[in-house]
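Just so you know, these numbers come straight off a predicted model, no measurement behind them. We count ligands from 1, going down the list as the structure has it; atoms in each ligand are counted the same way.
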Amino acid sequence: MRNKLNIGLFGFGCVGNGLYEVLNQSNLLDATIKKIVVKNPNKARSIAKENFSYAKSDILLDNEINLVVELIDDSRAAFLIVSEALKRGKHVVTANKKMIAENYEELLNLAKANNLSLLYEASVGGSIPIIRNLEEYYNNDSLSGIQGIVNGTTNYILTQTNSGKDYETALAEAQELGFAESDPTLDVDGFDSKYKLLILIKHAFGLTLKPDDIFNYGIRNIKTQDVKYAAEKGFRIKLFSRTEKFGNHLAGFVAPHFIKEDNVAYNVNNEFNSVSVEALFSDKQLFLGKGAGAYPTASAVLSDVSALQYDYAYEYKKTNENEVLNFTDDFYLKIYIGSEFIEAIQEIPFYNIDEIFQSKAYNFQTGWVKFSELKQFNFNNLSNLFFAVLPEPFLNESDFENIAGEKLFLQVFN
Ligand SMILES: NC(=O)c1ccc[n+]([C@@H]2O[C@H](COP(=O)([O-])OP(=O)(O)OC[C@H]3O[C@@H](n4cnc5c(N)ncnc54)[C@H](OP(=O)(O)O)[C@@H]3O)[C@@H](O)[C@H]2O)c1
C-alpha cells in the first residue's frame with residue numbers, strides 16, 4: 001500500500017525549485033506539495049507568489065502535512081524546523097549535511113522516539129545513491145574502507161590545478177561558474193567533505209561521530225610546485241573523505257591525496273563526485289555522478305520521497321551490529337609536504353624520510369608521519385605549507401616498526 005504524501009516544502013532555491021519541477025514531471029508518485037515556506041517575501045520567483053508563505057508554523061501546524069522536505073541553506077534554522085517537524089509527527093527528508101553532522105544523535109533519537117523516518121540521501125554525493133546502498137546492499141558484505149570525492153567545488157578546482165592553472169585562478173573560475181561560494185571556506189578547507197564523511201561513517205561502520213572528531217584539511221594552500229611534483233611522479237591530486245578499517249580500529253579524515261592511474265577515482269574530474277567502496281567480497285566499487293545542481297540533487301530528494309511512500313526508514317544496521325569499532329588517530333601514513341621554507345617542513349615530525357628536495361625556490365619531503373601528531377597542526381591556516389597523503393596503506397605501530405627497521409632509501413638534492 002502506498003502512502004499519500006502531503007508535502008510541506010521549506011526552501012525554494014536551487015534544490016527546492018528543482019524538486020518542484022521534478023515532482024511535477026514525475027507521475028509515478030502520489031505526493032503533492034501543499035505549502036512552500038521561504039524567507040524573503042520580496043524575492044522574484046519562478047512560480048506565482050500565492051504558492052509561498054513565510055511563517056514556518058504554516059507548515060508545522062498543518063495537520064494534513066505528513067512530510068516536511070527541508071531544503072534551506074541555514075543549518076541552525078533547519079535544525080529547529082526539522083526537530084519541530086519530528087516532534088509534531090511529520091516524516092522529514094533533508095539535504096542538509098551540516099545540520100545532520102552537527103545534531104546527529106539528537107535527530108536520530110527524535111525520529112526513533114516518534115517512530116518517524118528521517119531520510120537524507122541528497123546530503124552526500126548529490127545524485128549518487130550511496131546512503132541507501134550502504135544501508136541495504138552492503139549489509140552482508142563486510143566493508144573495509146571508503147574514499148569519497150564528495151565536494152564538487154574542490155574537485156573542479158583541483159581538476160584545473162592538475163592541468164596547470166594556479167589555485168587562485170581556478171578558484172576565481174569556479175566562483176564565476178557558480179561552483180564556489182564567494183566565501184569558499186566550507187568547501188576549500190574540507191568542512192563540507194567532513195560533514196559528508198561523518199554521515200558515510202555512520203552508515204558504513206555504525207559510529208556516531210561529532211564534527212570535531214574528524215580532522216579536515218583542504219586545498220587552499222596548494223602551490224604550482226606541489227602540482228608539478230605530483231605530475232612528474234604520475235599522480236593527480238584529489239581531496240578525499242577517507243575512512244579505513246584495520247582490525248577493530250577505524251581511521252577517518254579529509255585531506256588531499258596523490259593518486260595514481262590505478263585508483264578508480266583518477267578520472268573523476270570537474271564537478272563530478274565519486275564514492276569508492278571497498279568490501280570483503282565485492283572488492284572495490286565506484287559510484288560516480290553529479291554531486292550538486294538543481295536536478296541531480298532533487299533526484300535524490302525525490303528518491304527519498306518515493307521511498308517514504310512505502311514507509312522506508314534507515315535501520316542503522318551497522319550501529320546495531322555487535323562489533324565495537326574504535327575511532328583512532330593512532331596510525332602512521334606516508335605524506336608529501338612542500339614549502340618555500342625548509343624550517344616550516346622541519347616543524348613536522350617525520351619518523352622516516354624517503355626523499356628530500358631543497359632549493360632556493362621550493363622544498364619538499366616525503367616520508368612517514370604519525371597521524372595523531374600531524375592532526376595537531378592547523379594546516380588550513382599554515383599558508384606556507386601543503387601536504388598530501390601518498391598511496392601507501394595506513395600502518396599500526398607494530399607494522400610501522402617492521403618497515404622502520406628496514407634501511408630506507410634517502411635522496412637529498414640541492
Ligand atoms: N545546491 C546544491 O547543488 C546542493 C547539493 C546537495 C545538497 N544541497 C543542500 O540543499 C540545501 C539547499 O541548498 P540550495 O543550494 O537549494 O540553497 P539556496 O539556493 O541558497 O536556497 C535556500 C532557500 O532556503 C530558503 N531559506 C533560508 N532560510 C530560511 C528560513 N529560515 N526559513 C525558510 N526558508 C529559508 C531561502 O529563502 P529565500 O528564497 O526567500 O531566500 C531559499 O529559498 C542546503 O542544505 C544544501 O547544503 C545543495
**Item:** D183, D189, D187 screened by side chain to side chain donor-acceptor pair (under 3.5 Å) with T185, the one that passes
**Value:**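 The single option meeting the side chain to side chain donor-acceptor pair (under 3.5 Å) with T185 is D183.
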**Request:** Determine whether more than 12 heavy atoms belonging to other residues, nucleotides or ligands lie under 6.0 Å from atom CZ of R76.
**Result:**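 For R76, atom CZ is not crowded (no more than 12 foreign heavy atoms under 6.0 Å).
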**Asked** Within a reach of under 6.0 Å around CD of Q376, are more than 12 heavy atoms found that belong to other residues, nucleotides or ligands?
**Response**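 More than 12 within 6.0 Å, yes.
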Identify all side-chain donor-acceptor contacts of residues 245-261 below 3.5 Å with residues at least two apart in sequence or on another chain.
unit_1 : atom_1 : unit_2 : atom_2 : d
K245   : NZ     : E323   : OE1    : 3.4
H249   : ND1    : N326   : ND2    : 3.0
H257   : ND1    : A255   : O      : 2.8
H257   : NE2    : R242   : NH1    : 3.1

**Asked** What residues sit with at least one heavy atom under 4.0 Å from ligand 1?
**Response**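 Residue list for ligand 1: G11, F12, G13, C14, V15, V37, V38, K39, N40, K43, R45, L71, I72, D73, A77, A95, N96, K97, A122, A292, G293, T297.
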**Asked** On the ring face of F386, is R220 found with NZ or CZ under 6.0 Å from the centre and within 45° of the axis?
**Response**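 No.
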**Message:** Can a donor-acceptor pair be found, under 3.5 Å and without considering hydrogens, that links the side chain of D213 to the backbone of L209?
**Reply:**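 Not confirmed, D213 side chain does not pair with L209 backbone.
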